Amino acid sequence: GRFGEYGGRWVPESLVPACLEVADAFEKAWVDPGFREQLQTMLARHVGRPTPVTPAERLSAELGVTVALKREDLTHTGSHKINNAVGQALLAKRMGKQRLIAETGAGMHGVATATAGALLDLPVTVFMGEQDVERQSHNVFRMRYLGAEVVPVRSGSRTLKDATSEAMRHWVSSTEEAHYCLGSVVGPHPYPWMVREFQRVIGDEAREQHVTVPDFVVACVGGGSNAAGTFAGFADTSARLVGVEAIGGSGATSGQAGVLHGSRSLFLQDEHGQILEAHSIAAGLDYPGVGPEHAHLRDLGRAQYVAVNDEAAVAAAARLARTEGIIPALESAHALAWVAEAAGTPDLPAGSTVLLTLSGRGDKDITTLIARAEESRA
Amino acid sequence: GRFGEYGGRWVPESLVPACLEVADAFEKAWVDPGFREQLQTMLARHVGRPTPVTPAERLSAELGVTVALKREDLTHTGSHKINNAVGQALLAKRMGKQRLIAETGAGMHGVATATAGALLDLPVTVFMGEQDVERQSHNVFRMRYLGAEVVPVRSGSRTLKDATSEAMRHWVSSTEEAHYCLGSVVGPHPYPWMVREFQRVIGDEAREQHVTVPDFVVACVGGGSNAAGTFAGFADTSARLVGVEAIGGSGATSGQAGVLHGSRSLFLQDEHGQILEAHSIAAGLDYPGVGPEHAHLRDLGRAQYVAVNDEAAVAAAARLARTEGIIPALESAHALAWVAEAAGTPDLPAGSTVLLTLSGRGDKDITTLIARAEESRA
Amino acid sequence: MKTDRKILMPYLTGGINPQWTDYLPALAEAGADAIEVGIPFSDPTLDGVTIQEASTVALANGTTPQSVLNALSETTVDIPIIVSTYANLAVRKGFRTELREAGVDGLIVPDLPLEEVPAIEEGIELALLVSPATPADRAHEIAARSRGFVYAVSSMSTTGERDQLPASAIDLATRLKNATDQPILVGFGISRPAHAAEAARVADGVIVGAAIMRRVLDGAGPAEVGEYVATMRAALD
Amino acid sequence: MKTDRKILMPYLTGGINPQWTDYLPALAEAGADAIEVGIPFSDPTLDGVTIQEASTVALANGTTPQSVLNALSETTVDIPIIVSTYANLAVRKGFRTELREAGVDGLIVPDLPLEEVPAIEEGIELALLVSPATPADRAHEIAARSRGFVYAVSSMSTTGERDQLPASAIDLATRLKNATDQPILVGFGISRPAHAAEAARVADGVIVGAAIMRRVLDGAGPAEVGEYVATMRAALD
């Protein structure tokens with residue numbers, strides 16, 4: 001549960017037994033070949049794993065670096081979130097829980113949990129900031145259509161941070177019957193570890209799919225689950241790991257050590273220790289902190305964290321669409337933006353090979369992209 | 001180019017040389033291992049093939065028949081249309097063409113062609129009925145974002161039929177430089193044959209993925225490309241083939257022999273021979289005819305064609321979402337609706353095994369489904 | 001249809017308005033040698049916007065193949081009437097009989113290529129189209145199977161008005177003249193007297209469609225249309 | 001904080017309004033034995049809507065940990081002041097010194113479990129929470145590490161008013177009484193005098209938070225809040 005000085009289980013005492021129960025259940029499940037096979041079968045049959053690695057040939061030619069994309073956008077529901085949601089839903093079933101709770105930002109984890117719940121006949125309640133409910137209405141309808149209850153959260157910045165707080169409050173009063181299906185590598189132990197393990201399928205697959213180890217492994221970081229899962233597959237290689245944050249939600253890049261949502265990690269906060277509101281065009285990166293493992297990898301120097309702004313992400317999304325026929329999630333577009341900016345500089349020398357995890361597809365962002373396109377025309 | 005008394009090449013003389021050129025190019029490419037490998041690589045790396053077959057366990061338990069879903073919704077861009085678009089785009093490149101023309105109904109073939117064009121650096125012009133432009137605005141933006149030009153067609157019923165006519169008109173004046181990337185198993189020879197061949201990957205994969213041949217193989221039919229591709233994999237088996245049309249676009253079920261868009265087939269028409277406008281909640285089934293091979297399979301009795309109405313399709317979509325965590329395209333929902341209706345009747349006896357092709361995902365239909373849900377609440 | 005002058009064949013969409021047959025004598029008087037009467041089809045895939053619109057208007061008026069043919073059987077113009085329509089209507093059983101009973105002299109089916117000619121019942125003169133993209137040997141074959149005349153499509157396009165006669169029109173007419181003894185009529189885009197004159201320097205005549213139908217759609221009556229056709233006549237003579 | 005009567009500890013969000021310290025003597029006069037003063041945190045994950053709202057209002061007023069502690073250092077109430085706040089503020093370097101300089105007598109950190117106690121600097125009495133879900137041996141351990149008193153969380157929920165005292169409150173208090181000699185204070189959902197009386201039949205006292213803060217948010221001044229607290233006092237005695 002510790003990543004260097006980060007991590008831990010900073011939860012109200014009411015949640016401690018529940019966290020211990022989850023940790024115990026996951027620990028046993030993860031070494032149980034039966035569970036692993038059940039998960040593997042579901043990922044293959046329902047989720048569409050393995051996802052391919054796509055050489056981005058036209059983009060590579062433009063940038064002077066060889067970029068390959070790990071295609072989490074091709075999973076069922078359209079983002080890597082499903083890997084974890086299916087894993088935790090199976091675990092919840094094994095634990096005898098009767099329903100699932102989740103928080104969501106962009107809505108992808110909410111949709112993934114709603115999907116896993118439908119599949120395993122577990123009712124799902126999703127907490128979502130009111131602002132995100134408005135800007136990600138497409139996903140709200142998907143969740144409801146899948147049978148999930150979506151609860152708009154009106155406190156604080158009305159985004160992911162507040163949705164997470166509200167999900168934890170709700171969990172306090174329902175630990176007996178409900179499993180909290182946390183969507184990122186944040187929260188109290190065992191979540192940062194468990195979610196990374198459920199997401200390491202991204203990195204493990206990519207590693208196997210890559211004949212030679214790439215020079216750089218790049219992924220976007222909100223809480224950081226797709227990055228953690230990707231990095232896990234390359235931890236023991238010479239690949240340089242790069243996590244790309246949104247400049248307005250750059251916990252790893254400009255945050256300070258603190259405690260929120262159950263773990264000690266890096267958070268954007270004011271001089272008094274109040275957590276700041278994040279601001280990003282990508283709802284999934286609109287979180288003021290980062291998972292504890294990322295904080296630790298940063299301190300170790302094993303991974304490097306950088307931040308790009310909204311404009312760069314929007315431009316990178318458009319570029320990928322035009323060159324590769326892929327509309328990426330705005331979250332993943334941040335990773336693309338860094339590659340485009342850094343290519344040919346000492347940060348990412350010409351001729352380097354890059355594996356970039358495309359965490360999800362951009363369908364959910366179409367209305368945002370329309371608005372941006374109209375703005376830039378005006 | 002003939003399927004019994006159907007098919008042919010009923011095009012203006014100006015298009016005959018172009019059709020011959022396409023036929024010749026495809027004939028050679030299809031027996032060229034180099035082309036086949038290039039296509040296969042692109043389908044694996046970019047499109048995400050093979051797609052899985054998902055056992056729909058909860059749905060099966062409810063219906064009393066064992067349903068497995070061939071998951072074309074998991075392909076890149078979200079429908080089977082990409083199989084054909086990538087194939088034809090590669091062929092166009094091989095033929096030395098400089099751009100692509102396409103028609104589209106629901107927008108999936110338009111998005112697929114725009115995607116293939118971006119990937120292969122071929123500019124794309126998509127013709128789309130004005131009514132479809134309005135009801136499928138999500139896909140219109142995707143196409144434009146991918147760099148394609150979308151031309152709204154204001155003639156006739158302002159849907160797929162008219163978009164196809166307009167694409168053919170445009171092709172007449174650009175045969176030298178442009179390849180017409182037709183999206184279904186309709187049109188003049190070689191299209192019905194070529195598109196089926198590009199789509200037979202669906203059936204071939206499914207056949208290989210199925211340990212035993214299913215009793216029924218079911219797919220929705222607009223023009224009929226996903227059905228043709230699916231059926232192709234099971235043509236030589238004992239499986240009963242069922243094509244499901246929209247009741248308002250049921251060319252195979254209630255059409256009469258006629259000639260449109262380059263082939264002789266079955267079309268909805270009045271007593272004078274004027275083609276009728278189709279009406280379906282699923283834009284992709286909103287076509288008054290059916291591919292010539294389906295007309296022939298119907299006459300032979302090798303395949304059976306049935307039709308379901310909008311309400312049944314909407315209900316079937318909701319049911320799949322709640323039981324399997326999959327929001328299907330409204331087109332595919334027609335196939336599901338027939339299975340739900342027929343299960344347990346002599347048409348589809350209890351205990352039967354069913355392979356159903358899920359041609360695409362329902363994200364494009366979310367606004368329609370919202371409207372329907374609101375209507376039914378009012 | 002052999003005449004000793006250059007042939008002028010104006011086109012009219014049957015049923016374009018309730019008095020549409022009144023245009024026929026006006027066209028004849030203005031110097032037409034034959035008239036192409038279009039039976040409107042719901043999906044005119046080889047027509048540009050003008051004739052598409054004319055077809056839509058005519059169908060909205062309740063026009064049917066029977067109503068057009070009934071009207072034609074009552075007309076008294078003494079020049080040949082050639083019906084044009086799309087394959088879906090032309091291949092219907094009994095269509096030839098209906099045409100003959102209406103006194104129609106020939107048939108044009110723009111989406112009927114050489115290979116599908118047998119689908120049209122015998123007993124009506126079926127004129128075939130050749131396009132600039134048609135290879136020489138195929139053009140030869142088409143010309144041999146064509147009856148009444150050969151329809152030379154002026155350019156790679158749909159029907160519709162143009163500013164200039166495309167060079168491909170003259171090329172194709174020249175090729176066809178060398179290949180057959182049949183009359184060669186150039187159609188598609190013949191919009192101005194100068195186009196007609198230019199085409200007829202090589203070809204045996206011209207077919208004028210969209211330029212007429214635009215005027216009719218804009219409200220021109222038989223007299224006004226006749227005046228326009230007369231300028232074409234003058235240019236040809 | 002041992003007294004010979006049942007302990008009453010009202011809660012007040014520091015900085016809830018500019019005159020917030022005026023509530024402190026009123027609470028003392030109404031019979032409080034100690035006062036819990038909350039330093040508002042941006043993300044109060046264990047608080048229900050009332051104290052969430054109070055925190056938001058206080059922060060919007062410009063309240064900071066320093067402003068609360070400065071005000072406390074100037075207050076003259078002579079009953080113990082216990083500060084409560086979330087871990088992110090409590091683990092900041094120098095926080096203990098600031099608390100002591102302000103004359104604060106104890107600290108409550110709701111999101112600080114037993115395992116993380118070492119993260120809090122020594123030198124301040126840190127009261128720990130036990131919940132109905134806490135197993136017996138762990139409750140024992142927590143009680144042993146708790147200073148000043150043990151905070152018995154009445155039910156599996158966030159802070160906030162309730163209609164009834166949950167049965168779990170009595171169960172937990174009974175368990176704790178059997179496990180430790182420390183005073184046991186029951187908190188979360190003590191909204192009515194009857195709840196207080198019922199809880200105090202087993203426990204050594206109660207903590208009253210949301211019921212007070214709802215009144216303050218509704219505009220109740222020190223006198224009115226004092227009246228309410230006095231009814232609690234009466235119920236306990």
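Proteins come first, then strands; the chains are lettered A, B, ... in the order of their sequence lines, and each starts at number 1. Computed from a predicted structure; not experimentally measured.
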Check: Of all of A/Arg142, A/Arg49, A/Glu324, A/Gln209, which one pairs up most often with chain B through heavy atoms under 4.5 Å apart?
Finding: A/Arg142
Notebook entry, point to check: Checking A/Thr323 against chain B: side chain, backbone, both or neither under 4.5 Å from a heavy atom?
Noted result: backbone
Next item on the list: Between chain B and each of A/Ala118, A/Gly78, A/Ser137, count heavy-atom pairs under 4.5 Å; write down the option with the most.
Entry: A/Ala118
Note to self: Below 4.5 Å, heavy-atom pairs only: which of B/Pro55, B/Ala56, B/Ala68, B/Gly362 has the largest tally toward chain A?
What the structure shows: B/Pro55
Next item on the list: Pick one of side chain, backbone, both or neither for A/Arg322, based on which atoms fall under 4.5 Å of a heavy atom in chain B.
Entry: both
Check: Is it the side chain or the backbone of A/Thr367 that comes within 4.5 Å of chain B heavy atoms, both, or neither?
Finding: neither
Next item on the list: Before accepting this row, confirm whether a basic side-chain N of the pair B/Asp363/A/Lys364 lies closer than 4.0 Å to the acidic partner's carboxylate O.
Entry: no
Next item on the list: Would you check if there is a donor-acceptor pair between the side chains of A/Arg361 and B/His76 at a distance under 3.5 Å?
Entry: no
Margin query: Distance check, rounded to the nearest 0.5 Å: A/Leu369 atom CG versus B/Tyr145 atom OH?
Written below: 4.5 Å
Margin query: How long is the straight-line distance from CD of A/Glu57 back to CZ of B/Arg45, given to the nearest 0.5 Å?
Written below: 7.0 Å
Margin query: Need one label for A/Val47: side chain, backbone, both or neither, based on atoms under 4.5 Å from any heavy atom in chain B.
Written below: backbone
Next item on the list: Heavy atoms only, distances under 4.5 angstrom: which of A/Gly117, A/Ala321, A/Ala44 has the most pairs with chain B? Name it, please.
Entry: A/Ala321
Check: Which atoms of B/Ala148 come close to chain A, meaning under 4.5 Å heavy atom to heavy atom: side chain ones, backbone ones, both, or neither?
Finding: neither
Note to self: Taking atom CD as the centre, does A/Glu208 end up with more than 12 heavy-atom neighbours from other residues, nucleotides or ligands that are less than 6.0 angstrom away?
What the structure shows: no
Next item on the list: Side-chain contact test, heavy atoms from C-beta onward, threshold under 4.5 Å: evaluate it for A/Arg58 versus B/Asp121 and give yes or no.
Entry: yes
Note to self: So for A/Ala114, is it side chain, backbone, both, or neither that comes closer than 4.5 Å to the heavy atoms of chain B?
What the structure shows: neither
Next item on the list: Among B/Thr115, B/Thr75, B/Thr77, B/Thr51, single out the residue with the greatest number of heavy-atom pairs under 4.5 Å to chain A.
Entry: B/Thr115
Notebook entry, point to check: Once you round to the nearest 0.5 Å, how far does NE2 of A/His138 lie from CD1 of B/Ile370?
Noted result: 8.5 Å
Note to self: Around atom CD of B/Glu311, are there more than 12 heavy atoms from other residues, nucleotides or ligands closer than 6.0 Å?
What the structure shows: yes
Next item on the list: Flag the pair A/Leu146 / B/Ile327 as yes when at least one side-chain heavy-atom distance between them is below 4.5 Å, and no otherwise.
Entry: yes
Item checked: Heavy-atom pair with the smallest gap, counting every atom of B/Gly48 and A/Pro52 -> CA-CG, 3.8 Å
Next item on the list: Go through the atoms of A/Leu320 and report whether side chain, backbone, both or neither lie under 4.5 Å from a heavy atom of chain B.
Entry: neither
Note to self: Please classify the contact of B/Arg71 with chain A as side chain, backbone, both or neither, using a heavy-atom distance under 4.5 Å.
What the structure shows: side chain
Check: Where does A/Leu69 contact chain B at under 4.5 Å (heavy atoms): side chain, backbone, both or neither?
Finding: neither
Item checked: Nearest-0.5 Å distance, OG1 of residue A/Thr54 to NE2 of residue B/His46 -> 5.5 Å
